[in-house]
Structure formats: C-alpha cells, structure tokens
Amino acid sequence: MMSSPPAPADASIDTQKQLAYWNSIDATPNGMLGGFEQVSRVDIQGSRNFLAKLPLRKPSTGALRIADCGAGIGRITKNLLTKLDTRAVVDIVEPVQKFTDALRADLPAEAIGTVFNVGLADWTPEPGAYWIIWNQWCVGHLTDAELAAYLRRCGEGVVEGGIVVVKENLAGGEGDEYDETDSSVTRTDGKFRAVFKEAGLRVVRTEVQRGMPAGLYAVRSYALQAV
C-alpha cells in the first residue's frame with residue numbers, strides 16, 4: 001500500500017498560534033529579532049544599499065507613501081523607510097496592538113500615516129497609492145495561496161515606477177520548512193519565485209544580504225513589479 005505524500009509545510013500554519021506567540025514577545029528590538037538584535041545594523045545597511053540600486057521613480061508632488069508590512073515596533077520604519085526622503089510617510093500594517101503602541105510612542109507622529117492593526121491576509125492596499133510596500137520577516141505567516149493573493153494586491157497598490165520588496169529567510173534544503181515555534185514557513189528561493197509568478201509579479205532585482213552571523217538562514221531581498 002502506497003503511503004500518502006507528506007502535507008506541504010504551509011498546511012500547518014495556524015493564525016491563532018502565530019498571534020499567541022507574538023503577543024508573548026517583548027516589544028523591543030531584541031524581541032522582534034528573536035534574540036539577535038545585533039543583526040539590525042547590518043540588515044538596515046543592506047536594505048539601504050539594495051534600494052539604492054533599484055529603478056525607483058518618485059512621484060513629483062505630494063507625500064511619498066510607503067507601507068511597512070509586518071512592521072512590529074517599527075524598527076525598519078524608524079531606521080530605514082522614514083529616512084529615504086523628507087516627503088516619506090509610512091503606513092503601518094501590524095496585527096499586534098502592543099507593538100503598534102510602542103511604535104507610536106517611539107516615532108514622530110508626522111512620519112506615520114495610517115496604522116492598520118490587521119494581518120497581511122486581511123490588508124488590501126489602496127490601488128496605486130504606494131511608492132514602496134516593504135515586507136520583511138513576515139510573509140512566512142501566510143500560506144502559499146494567501147501569499148500569492150496578498151502580493152497581487154500589493155502589485156496593484158504601488159504607483160507607476162514603485163516597488164514591492166520582500167526580504168525573507170531562505171530554506172537551505174530542497175523544500176519549505178515549517179517552524180512550530182511561531183507557526184511560520186521558511187520558503188525556498190524556488191518557491192518564492194513560483195509564488196511571485198502566480199501573483200503576476202516579476203523580479204526586478206534580487207540579492208542575498210551580506211554580513212549576517214554564521215549559523216542563521218540566508219536572507220534574500222526581492223524587488224518586485226507587476227508584469
């Protein structure tokens with residue numbers, strides 16, 4: 001008798017487990033980074049360098065709207081996104097209330113736009129509204145189908161010449177890996193590219209983050225635009 005094939009890694013994703021985990025985590029940089037607060041500086045510098053290589057076109061007038069998705073306490077908003085331009089205004093997408101409370105207390109009010117206390121699967125960006133939609137260390141909480149649908153909405157949410165960024169850990173083996181701790185999935189590069197294609201997005205540029213400590217997952221950034 002033939003055995004059934006193993007269930008895909010994303011079949012085990014449980015949103016309630018995810019929320020329970022993150023609500024148990026301290027609203028600090030070290031909490032956000034899983035005890036590896038020391039990677040923040042090199043991560044931010046890598047992201048800044050990556051953005052500098054992209055063919056981003058700025059709208060000539062008005063605020064430069066940016067979305068920080070899975071923003072946590074605003075580490076990326078504070079250290080990267082609000083510093084890209086004096087016209088930058090960052091909308092926050094983050095389901096954990098205590099994290100956005102910490103963010104509001106730490107960041108100047110004029111740098112923050114709307115705070116959406118929802119998960120990525122429940123957020124739909126305003127069409128053609130954003131210069132950059134930034135997703136980092138968060139899309140592993142979505143199933144493959146949810147991620148494709150979410151990224152399609154993101155592609156529709158950027159202005160002409162804008163960009164969707166996904167920066168995530170990569171699975172080192174041949175398949176995706178499920179993490180019981182926070183009920184998330186670490187995907188392979190091949191899986192990401194297949195999902196991007198399904199979402200109607202093309203990879204404009206991609207590169208691996210340099211300078212991360214040995215023993216951690218490789219981290220890859222993808223800049224995406226609609227096909």
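Computed from a prediction, not measured in an experiment: that's the story for all the values here. Start at 1 with the first residue, then count along the sequence. No hydrogens, no waters, no symmetry mates; every other heavy atom, side chains included, goes into these values.
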For [X] and [Y], test the side chains for any donor-to-acceptor distance below 3.5 angstrom and give the result as yes or no.
X      : Y      : answer
Asp68  : Thr77  : yes
Asp43  : Gln136 : yes
Tyr130 : Asp91  : yes
Asn79  : Ser40  : no
Asn49  : Gln45  : yes
Tyr21  : Asp179 : no

> With side chains defined as the heavy atoms from C-beta onward, is the minimum distance between Lys78 and Lys83 less than 4.5 Å?
Replying inline: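 The answer is no; the side chains never approach within 4.5 Å.
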
> Side chains of Ile73 and Asp106: does their closest heavy-atom pair fall under 4.5 Å?
Replying inline: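 Side chain of Ile73 against side chain of Asp106, heavy atoms only: no contact under 4.5 Å found.
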
>> Any carboxylate oxygen within less than 4.0 angstrom of a Lys/Arg side-chain nitrogen, looking at Glu168 and Arg187?
In response: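 Salt bridge absent between Glu168 and Arg187.
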
>> Assess whether a salt bridge exists between Arg65 and Glu126, defined as any Lys/Arg side-chain N lying under 4.0 Å from an Asp/Glu carboxylate O.
In response: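 Answer for the salt bridge query: yes.
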
> Would you say the side-chain atoms of Glu146 pair up with the backbone N or O of Thr143, donor to acceptor, closer than 3.5 Å?
Replying inline: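 Yes; at least one donor-acceptor contact below 3.5 Å.
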
> Within a radius of less than 6.0 Å around CZ of Arg48, do more than 12 heavy atoms belonging to other residues, nucleotides or ligands occur?
Replying inline: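 Yes, the 6.0 Å shell around CZ holds more than 12 heavy atoms from other groups.
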
> For Lys98, does the NZ atom sit with more than 12 other heavy atoms under 6.0 Å from it, leaving out its own atoms?
Replying inline: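 Above 12, so yes.
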
